[in-house]
Amino acid sequence: MNPYIESETLELKEKYTDTITKEIVSFLNGAGGSIIIGVKDNGTVVGVDKVDEVLRKISDIITTKIEPNPQDEISSELKFDDGKTLIVTHINKGRHHIYCQKKFGFSSTGCTIRIGTTCKEMTPEQIKIRYEKKFIDNEYMLKKKSNSSDLSFRELKIYYSEKNYHLDDKSFETNLNLRNEAGEYNLLAELLSDKNNIPFIFVKFQGENKASISQRSDYGYGCILTTYGKTKNRLQAENICISDTTVRPRKDTYLFDFDCVNEAILNALVHNDWTITEPQISMFHDRLDILSHGGLPGGMTKEQFFDGISRPRNATLMRIFLNMGLTEHTGHGIPTIVEKYGKDVFEIESNYIRCTIPFEQEVIEQIDNKNVGLNVGLNVGLNVCLNKTEKKVIELLIENPNLTSIELSEKIGVTKRTIERTFRSLQEKKIIERIGSKRDGNWIVVR
């Protein structure tokens, strides 16, 4: 009786060929199985001549030609039959949801699965479903336990409500993946909670290096969506505009391209490795530095990065930003920045990505000539009449949106009632708005 018969879990190979890569991927994506080299399809044993060379080629496949790396799922052994040497490679069912041949990527050609005795290409829909599960399951921020077990999500619910989403109190934590497998709040939950211990620092330096700090503002310790809003408002206020009224229509020149900076901030938040530390924003006299940690996501090349291939490190966090309409899953952010400023504004290393946005020299010269500090925080482009108290309130709120009317009155030297009247005036001029309730919400600058 022939002991070697091909089946759903056994593949016979007369000799080594490069198609073995495809067979291994198929078993990883399926139920697992074994490949025996040195046996014909009909079960005849012919043996392997150059055993060491074949073992080396199989090792090369495992370590360099399949993504994700399946090294822990595969083992090879020698078997002797009828005086001949056979190589048996055992492949376990993959622990990841999907594997591919690197040279073809996550395409139908690259992603195959064992069905019966043949390898079948997976459909685009099958790949999409498995690929999304791959990200969700592999996101370490979903597995990492939060530093706090007492978290609330009032602000998150408000954001979803404003977008006409209804978050059911009983299921929203599950739907948004806010708990790990042990039922504990995870790092994502901490990032989205009303109060946490995660800072987000915006630092201004007086010159072109870090020798002298001008201002240090912290927009963290709360829901990351609010952190983004505060940071965006601060940058809008910093984006000084000069106007040339000698031409028609008048020509406005801004310190930096806000759309590009906004894309860089969103990328830093969504793609940052939060298990390391938070992103950092540094503003110098001549540039803005946005630093995120973790380098490129696994398997992504620099070419794919600049081409706008979207491969989020934190897919669930990306989905939440998508729901809020803050970003799009189109990959246009990086090409937008490259088109305006070129590839050289990106510094890509294995453990971080830095985006450096240069300021418009014409605006810098105007600021220097007028002896106007970049910390005015009022952006002359408001084109509204503001009194001294209103200007000071805006400046202080940009630095710290958590300031209360009492704290502002003490800092400015006016009464609490004057501050409250100033709030109403600025709100009517659509310069500030309240986020959250009257009792514990914040006033933020919106233009």
ask   = Would you say the side-chain atoms of Asn196 pair up with the backbone N or O of Gly222, donor to acceptor, closer than 3.5 Å?
value = yes

inquiry  = Given Glu190, which partner from the list Leu178, Ile224, Asn147 fulfils the side chain to side chain contact (heavy atoms under 4.5 Å, CB included) test?
reply    = Asn147

query = For Lys102, which residues count as a side chain to side chain donor-acceptor pair (under 3.5 Å) partner, sequence neighbours excluded?
reply = none

Gap separating the CD atom of Glu73 from the NZ atom of Lys93, nearest 0.5 angstrom = 10.5 Å

note = Note: Gly333 and Glu263 closest approach over all heavy atoms is CA-OE1, 3.4 Å

inquiry  = Please determine whether side-chain contact (heavy atoms from CB on, under 4.5 Å) holds for the pair Thr336 and Asp257, giving the CA-CA distance in whole Å, both sets of side-chain angles, and the decisive distance to 0.1 Å.
reply    = CA-CA 10 Å; Thr336 296; Asp257 185 294; 5.9 Å; no

inquiry  = Check this for me, if you would: do Asp72 and Arg95 make a salt bridge, where the nitrogen-to-carboxylate-oxygen distance has to be below 4.0 angstrom?
reply    = yes

ask   = Between the side chain of Asn272 and the main-chain N/O of Thr277, is any donor-acceptor distance below 3.5 Å?
value = yes

inquiry  = Taking the six-membered ring for Trp, are Phe284 and Phe205 closer than 6.0 Å centroid to centroid?
reply    = yes

request  = Determine the minimum heavy-atom distance between His285 and Phe359, stating which atoms define it.
outcome  = O-CD1, 3.4 Å

inquiry  = Is it the case that the side chains of Ser108 and Glu121 hold a donor-acceptor pair, with the cut-off being a distance below 3.5 Å and no angle test?
reply    = no

task = Would you give the length of the straight line joining atom CG of Leu151 to atom SG of Cys223, rounded to the nearest 0.5 angstrom?
result = 11.5 Å

request  = Mind checking the CG-OG1 spacing from Asp82 to Thr44? Nearest 0.5 Å is all I need.
outcome  = 10.5 Å

key: Expected output: side-chain Asn186 to main-chain Asn177 donor-acceptor under 3.5 Å   = yes

Over 12 non-hydrogen atoms of neighbours within 6.0 angstrom of NZ in Lys145 = no

task = Can you tell me which residue pairs pass the salt bridge (Lys or Arg N to Asp or Glu O under 4.0 Å) test with a partner in residues 346-359, sequence neighbours excluded?
result = Glu347-Arg354

Interatomic distance, Ile24 atom CD1 to Cys119 atom SG [nearest 0.5 angstrom] = 10.5 Å

request  = Grab the two heavy atoms, one from Ile5 and one from Leu12, that are nearest each other, plus how far apart they are.
outcome  = N-CD1, 4.4 Å

ask   = Does the side chain of Thr19 come under 3.5 Å of the side chain of Thr17 through a donor N or O and an acceptor N or O?
value = yes

remark   = On a heavy-atom basis, the closest approach of Gly110 and Val25 is O-CG1, 3.9 Å

message = Under a 3.5 Å distance rule, please check whether Asn262 uses its side chain to pair with a backbone N or O of Lys232 as donor and acceptor.
response = no

ask   = What do you reckon, is CD of Gln361 surrounded by more than 12 foreign heavy atoms closer than 6.0 Å?
value = yes

request  = Provide the closest heavy-atom pair for Met318 versus Val270 in the form atom of the first, atom of the second, distance.
outcome  = CB-CG1, 3.7 Å

key: Under 3.5 Å side-chain donor-acceptor pair for Thr253 and Glu360   = no

message = Any carboxylate oxygen within less than 4.0 angstrom of a Lys/Arg side-chain nitrogen, looking at Lys79 and Asp81?
response = no

request  = Determine whether Phe106 and Glu67 make a side-chain contact, defined as any pair of heavy atoms from C-beta on separated by less than 4.5 Å.
outcome  = yes

task = Please confirm whether the backbone N or O of Thr112 pairs with a side-chain atom of Asn29, one donor and one acceptor, at under 3.5 Å?
result = yes

Student check: side-chain heavy atoms of Leu86 and Val45 closer than 4.5 Å = yes

ask   = Is a side-chain N or O of Asp194 found less than 3.5 angstrom from the main chain of Arg154, in a donor-acceptor match?
value = yes

request  = Would you name the heavy atoms of Lys302 and Leu296 that are closest together and state the gap between them?
outcome  = N-CD1, 3.8 Å

query = Would you say Tyr352 and Ser292 make side-chain contact, with heavy atoms under 4.5 Å?
reply = no

message = So that I know where these two stand, are Phe172 and Tyr160 an aromatic pair - ring centroids less than 6.0 Å apart?
response = no

Within-4.5 Å side-chain heavy-atom neighbours: Tyr254 and Ile240 = no

request  = Name all residues meeting the side chain to side chain donor-acceptor pair (under 3.5 Å) criterion together with Ser59; count only those two or more places apart in sequence or in a different chain, and write none if there are none.
outcome  = none

query = Is there side-chain contact between Arg234 and Thr231, with at least one heavy-atom pair below 4.5 Å?
reply = no

ask   = Who pairs with Tyr99 by side chain to side chain donor-acceptor pair (under 3.5 Å), at least two apart in sequence or on another chain?
value = none

task = Identify whether NZ of Lys or CZ of Arg in Lys230 sits under 6.0 Å from the centre of the six-membered ring of Tyr219 and within 45° of that ring's axis.
result = no

query = Side chain of Asn239, backbone of Leu235: donor and acceptor closer than 3.5 Å?
reply = no

request  = Could you tell me whether Asp344 atom CG has more than 12 heavy atoms of other residues or ligands within 6.0 Å of it?
outcome  = no

ask   = Would you say Glu181 has more than 12 foreign heavy atoms packed within less than 6.0 Å of its CD?
value = no

query = So Phe321 and Leu225, side-chain contact (heavy atoms from CB on, under 4.5 Å) or not? Walk me through it.
reply = CA-CA 8 Å; Phe321 271 71; Leu225 297 174; 4.0 Å; yes

Partners meeting side chain to side chain contact (heavy atoms under 4.5 Å, CB included) with Lys57 (sequence neighbours left out) = Tyr16, Glu53

ask   = Below 4.5 Å, heavy atoms only, C-beta onward: do Met324 and Glu162 meet side chain to side chain?
value = no

task = Report yes or no: does Arg287 contribute a side-chain atom to a donor-acceptor pair with the main-chain N or O of Pro358 at less than 3.5 Å?
result = no

ask   = Counting only heavy atoms not in Lys157, do more than 12 fall under 6.0 Å of its NZ?
value = yes

message = Could you check whether any side-chain N or O of Asn180 sits under 3.5 Å from a backbone N or O of Ala182, counting only pairs where one atom can act as donor and the other as acceptor?
response = yes

inquiry  = What I want to find out is whether Glu23 reaches Arg114 closely enough, with some N-O distance under 4.0 Å, to be called a salt bridge.
reply    = yes

query = Has Lys84 got more than 12 heavy atoms of other residues, nucleotides or ligands less than 6.0 Å from its NZ?
reply = yes

inquiry  = With a 3.5 Å distance limit and no angle check, can you tell me whether Trp274 reaches the backbone of Leu269 through a side-chain donor-acceptor pair?
reply    = yes

task = Working to the nearest 0.5 Å, report the span between OG of Ser282 and CG of Asn209.
result = 11.5 Å

inquiry  = Taking the side chain as everything from C-beta on, heavy atoms only, tell me whether Asp60 gets closer than 4.5 Å to Arg56.
reply    = no

query = Step by step, would you call Thr301 with Phe306 a side-chain contact (heavy atoms from CB on, under 4.5 Å)?
reply = CA-CA 9 Å; Thr301 65; Phe306 287 122; over 6 Å; no

ask   = Between Glu6 and Asp41, is any pair of side-chain heavy atoms under 4.5 Å apart?
value = yes

query = Would Val46 and Lys40 satisfy side-chain contact (heavy atoms from CB on, under 4.5 Å), going step by step from the backbone distance to the final call?
reply = CA-CA 7 Å; Val46 295; Lys40 292 183 176 182; 3.7 Å; yes

key: Distance-only donor-acceptor check, side chains Thr356 and Tyr341, under 3.5 Å   = no

message = Under a plain distance cut-off of 3.5 Å, with no hydrogens placed, do Ser148 and Asp150 share a side-chain donor-acceptor pair?
response = no

key: For Glu173, all residues meeting side chain to side chain donor-acceptor pair (under 3.5 Å), sequence neighbours excluded   = Arg179, Tyr185

